[in-house]
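Let me begin by presenting the structure, written as structure tokens, before commenting on it.
Just so we're clear, the structure is a prediction, and the values are computed from it rather than from any experiment. Throughout, numbering of the chain's residues begins at 1 and tracks the sequence.
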Amino acid sequence: MDMKLFDSELKVMEVLWKEGGDLPAGAIAKALQEETGWNRNTTYTVIKKCIAKGAILRSDPKFICHALVTRQEVQSYETDELIDKMFDGSKQKFFAAFLADNSLTGEEIRELKKLASELPDKGSE
């Protein structure tokens, strides 16, 4: 996946991902009106931007929306963008900066160590 989604587009995608299936645009508009106060026109405009980017597939009748990208794909893209932009593409620099503020709890540290120990050793492949 190689697409930048803006905050407003992510709000639309979050509704689709949360529901886990196809949704009419009207249902997305209703959910976002309750969550953010957006009016129907605003939501439809953002949905159309997502369609133009290839993040959503529209099917008719009833303007049904289907997510073409997963939350994980978007998270991966955004993480890579952040690392490229702020840490010269270095995951080591990113991780070091992440750990430097000492705000992790003991439980979070144990979980990160566990995750790291389960990673495959790509150097031995």
Practice prompt. Can you measure from OG1 (T105) to CD (E111) and round to the nearest 0.5 angstrom?
Written response: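 Rounded to the nearest 0.5 Å, the OG1-CD separation comes to 10.0 Å.
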Without swapping roles, check the side chain of [X] against the backbone of [Y] for a donor-acceptor pair under 3.5 Å.
X    : Y    : answer
S117 : K114 : yes
T36  : L32  : yes
E78  : Q75  : no
S76  : Q72  : no
E73  : T70  : yes
Y44  : G26  : yes

If we only count heavy atoms from C-beta on, is the [X] to [Y] side-chain gap below 4.5 Å?
X   : Y   : result
Q33 : N39 : no
C65 : I47 : yes
L57 : I51 : no
F95 : S90 : no
L5  : M13 : yes

Salt bridge check, [Y] against [X]: does any charged N sit closer than 4.0 Å to a carboxylate O?
X    : Y    : value
E107 : R110 : yes
R71  : E14  : yes
R58  : D60  : yes
E81  : K4   : no
E9   : K48  : no

Practice prompt. Could you check L104 against F98 for side-chain contact (heavy atoms from CB on, under 4.5 Å), going step by step and ending with a plain yes or no?
Written response: CA-CA 9 Å; L104 294 173; F98 175 72; 4.1 Å; yes
Fill in: Residues, nucleotides or ligands: over 12 heavy atoms within 6.0 Å of K53 NZ
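Buried by this count: over 12 neighbours within 6.0 Å.
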Practice prompt. Applying side-chain contact (heavy atoms from CB on, under 4.5 Å), run through W38 and V12 and close with a yes or a no.
Written response: CA-CA 11 Å; W38 286 3; V12 168; 4.2 Å; yes
Worksheet entry | Residues that, via side-chain heavy atoms closer than 4.5 angstrom, fall in one hydrophobic cluster with F94 |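 F94 clusters with L82, I83, M86, F87.
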Discussion item. Checking side-chain contact (heavy atoms from CB on, under 4.5 Å) between C50 and each of I56, L10, L68, L16, which is the one that passes?
Written reply: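 With C50 as partner, side-chain contact (heavy atoms from CB on, under 4.5 Å) holds for just one option, I56.
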Worksheet item: Between G89 and D84, which heavy-atom pair has the shortest distance, and what is it?
Response: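 Between these two residues, the closest heavy atoms are CA-OD1, 3.4 Å.
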Worksheet entry | Connected via hydrophobic side-chain network under 4.5 Å: W17 and V46 |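 Yes, it is one cluster - the side chains of W17 and V46 are joined through contacts under 4.5 Å.
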